[in-house]
There are 2 protein chains.
Amino acid sequence: MGYTPSAVAQSLVTRQTRTIGLVVTSISDPFVDRIVDGVEGLATEAGYSVFLCSSHADPDREMEIVETFHRRRVDGVIVVASRVGRLYGDHLERLRVPIVLVNNQADSDYVYSVSADDEAGARLAVRHLVELGHQRVGYIGCGLRPPSNRRRQAGWQAELEQAGITVDPDWSTVPDTMDDIKNGRLGLGPLLDAGVTAVFCYNDRTAVGVLLAARERDIHVPGELSVVGFDNIAPSWYVAPALTTVHQPRLKMGNRAMQILFDLLAERPVADALLPCRLVVRESTSAPIENE
Amino acid sequence: MGYTPSAVAQSLVTRQTRTIGLVVTSISDPFVDRIVDGVEGLATEAGYSVFLCSSHADPDREMEIVETFHRRRVDGVIVVASRVGRLYGDHLERLRVPIVLVNNQADSDYVYSVSADDEAGARLAVRHLVELGHQRVGYIGCGLRPPSNRRRQAGWQAELEQAGITVDPDWSTVPDTMDDIKNGRLGLGPLLDAGVTAVFCYNDRTAVGVLLAARERDIHVPGELSVVGFDNIAPSWYVAPALTTVHQPRLKMGNRAMQILFDLLAERPVADALLPCRLVVRESTSAPIENE
DNA sequence: TTGTAAGCGTTATCAA
DNA sequence: TTGATAACGCTTACAA
């Protein structure tokens, strides 16, 4: 009837805004998109609106954003790939705004989290390589995301050891540029020198860097080198060769984060979630070449 | 001092929320990401927060979202790739909420727009192909985005005609699946039958579909077929071969949309913006093969 | 300069 | 059941 009630006046009296704040490192990060889809989808369905803001991976910005969200009296906050993590506990027990972290476990009483099982995912990738017959498989990591890098690297190492392979320290490298693709490019040389026949990468973009560097060196993938990524971002299936990768259930992770937030708001009991990954085999892996 | 003033109470009395609503078709659309960055960057800098919501290209959803934003008393709305477009005029002159459309010109008094110059961009692409020596260049369009498709197709045709080439109707096809990549895949066959030596695609994903289909048919790109895309999304430079494409200044478009909204809010005079595109030549184009 | 009161657009409470 | 009224947490206009 030509008139729309003011949600802000309603919020003032009901003391809830039906609004949540979502902070991401960058919207241009292909890893983030489906997670945003996941939280936004559930939120909208429940009549919530979501504020989106990028921290650009700056911890101070991240904190500012959360304070801004609090100032706007959001009912809750979701942070993807937090750079602050467990530090929230201290800072936010005053604010009393429910907060859930995606891919960044933090065992504070005020902070909950949903993450993909990085270590198990990494093991899936390495097991695939080992079963293919690879003995010397390398790892190219990511210096800018220490927690998840650590878990994926640990999974890589554990799976190799379980296969009875002694891991050579030269098989792994953890570059720390801002650019994942560049990391992959940079990382390949040293690993090749160390004699690896396959490389497991921190994420798909790193793997793309490896693909690019391999092409420049005229190394055939997967003939001469197998490579596997992590995340299963959209381009991973249409680069050449299509990437074998570890799928993270990103939409589901977004959904779950939102669900946890709803539970928190309704004061239902909640538990952190650790979601399983899945191996997706495509064209970038095969049995190692037989030499001599 | 351990206390944060409530922005909602402030909003109630100042009658402005310092909030804007941004509606996109989907966050997972690689075209959208940088536009969101552009909007969000300027907004945050100016102390505004942004609500993000996906319409999934459904006009009804889009309208609902705008109404929700209005209910929340956003100061303005930005819609990327609107499916409603000029229809807003009638519906929103009551709401009196400033609205700016990105890539969807609508000449209503209440609706402003910023767009990339699709037609000029298309001509850039085709001119490049013609200068390379191609005489029969095809076009694969997008049935789901009629306005921009029409402009790009018009640019393609105009540029060919200006080069003195008579355009064969069989050189163009406009598939209308939801999936751009599939469109490219589908479109290649008919064009090949019509004898084209180069194809200009509605966007980069369509071009990726062409690349994929060409590989399956063992057609070498660019040796036997040149292909150019549109948008310059991130993957376009790391697919193989790297795509020649038309760059849309998406970050700038986002910035500009936000700037226009600010001008509207300050009651400064504003004008629609039409931003130029730029050709980016990479590896997917070359001179046509000489036959007999 | 400092303080007090009215009002922003709703919901909720409590009389009638 | 209906209808008036206080309160929500601020800004601002005005009085002291």
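Chain letters run A, B, ... following the sequence lines, proteins first, then strands; residues in each count from 1.
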Between atom CD in Q10(B) and atom P in dC8(D), what is the gap in whole Å? 17 Å
Closest of dG9(C), dG9(D), dT11(C) to the A9(A) side chain is dG9(C)
Give the rounded distance in Å between these two atoms: CZ of R72(A) and C1' of dG9(D). 16 Å
Are the side chains of R250(A) and D33(A) in contact, using a 4.5 Å heavy-atom criterion? yes
Separation of R18(A) atom CZ from dT10(C) atom C1', in whole Å? 16 Å
Are T177(A) and N183(A) linked by a side-chain donor-acceptor pair shorter than 3.5 Å? yes
Does R145(B) qualify as a cation-pi partner of Y202(B), given the criterion of NZ or CZ under 6.0 Å from the six-membered ring centre and within 45 degrees of its axis? no
Phosphate OP1/OP2 of dG9(C): any R15(B) side-chain N/O under 4.0 Å: yes
Will you find, in the side chains of N203(B) and T206(B), an N or O donor that is under 3.5 Å from an N or O acceptor? yes
How many Å lie between CG on L12(A) and P on dT10(C), as a whole number? 12 Å
From CZ of R73(B) across to C1' of dG9(C) the rounded distance in Å is 9 Å
Give the rounded distance in Å between these two atoms: CD of Q16(B) and C1' of dC8(C). 13 Å
